[in-house]
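Just so we're clear, the structure is a prediction, and the values are computed from it rather than from any experiment. Numbers here are sequence positions counted from 1.
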Amino acid sequence: MAVVSNLKRLTTQIHRLPSLSFYSKSLISRSSVSVASASSPPPSSSSSSKKVSDRIVKLFAIDPDGKKREVVGLTGHTLLKTLANAGLVDPASHRLEDIDACSAECEVSIAQEWLEKLPPRSYDEEYVLKRNSRARVLNKHSRLGCQVVLSPDLQGMVVAVPEPKPWDIP
């Protein structure tokens, strides 16, 4: 508690200095807060304090040749990042986790029994999938890999990685 009261007093003194710009004052204040938070003990239930082995999510991916491969990802990572790390998706052709730049190259098909365990598609995800679909009806199994975040509930999920579209092949 003494650290917090000293920090408040220091912050008040910094903001009273007329010679410092607002930007300098905010930088000093932020660095003081981060020092104070670093001195306090971290919460015990933090996800970052979990062992990596506790964050592992094993999935099964069916590649374009029809082979079923086990893929290992981490809780909190996207499905696209996991598939790219496994070599099933070319990371150079994707802007990982950026839906604004997405053009549905990261589209995957999710097995029926796993659809209910995923959150519903966002408006942006549906828009990207519809915009790049030649069919008038959107396939209910289609998801953007950059929008599916892995969680322990998805342990064993089966996804199919489609063939690259002709316009995506160099």
Gap separating the [atom1] atom of [X] from the [atom2] atom of [Y], nearest 0.5 angstrom:
X: Ser142; Y: Glu126; atom1: OG; atom2: CD; answer: 10.5 Å
X: Lys51; Y: Ile56; atom1: NZ; atom2: CD1; answer: 11.0 Å
X: Gln147; Y: Leu79; atom1: CD; atom2: CG; answer: 11.0 Å
X: Glu125; Y: Glu107; atom1: CD; atom2: CD; answer: 9.5 Å
X: Trp114; Y: Met157; atom1: CH2; atom2: CE; answer: 7.5 Å

Heavy-atom distance under 4.5 Å between the side chains of [X] and [Y], does that happen here?
X: Gln112; Y: Lys140; answer: yes
X: Arg69; Y: Leu88; answer: yes
X: Leu59; Y: Val158; answer: no
X: Val57; Y: Leu74; answer: no
X: His141; Y: Leu115; answer: yes
X: Val89; Y: Cys106; answer: no
X: Leu118; Y: Leu154; answer: yes

Output, in order, the C-alpha distance, side-chain angles, deciding distance and verdict of side chain to side chain contact (heavy atoms under 4.5 Å, CB included) for Thr75 and Leu150.
CA-CA 5 Å; Thr75 300; Leu150 298 182; 5.6 Å; no

Tell me the closest heavy-atom pair linking [X] and [Y], and the distance in Å.
X: Leu129; Y: Arg143; value: CD1-CA, 4.3 Å
X: Ala86; Y: Val71; value: CB-CG1, 3.8 Å
X: Thr82; Y: Val72; value: CG2-O, 3.6 Å
X: Thr78; Y: Gly145; value: CB-O, 3.7 Å

Applying a strict under-4.5 Å side-chain criterion to I, L, V, M, F, W and Y, I'd like to know whether Ile62 and Leu80 cluster together.
yes

Please check if the side chain of Asp65 supplies one atom and the backbone of Lys67 the other of a donor-acceptor pair under 3.5 Å.
no

Hey, which of Leu144, Val149, Val148 is the one that makes side chain to side chain contact (heavy atoms under 4.5 Å, CB included) with Cys146?
Leu144

Side chain to side chain contact (heavy atoms under 4.5 Å, CB included), that's the test. Do Arg121 and Leu138 meet it? Break it down for me.
CA-CA 12 Å; Arg121 295 182 194 119; Leu138 192 58; 3.4 Å; yes

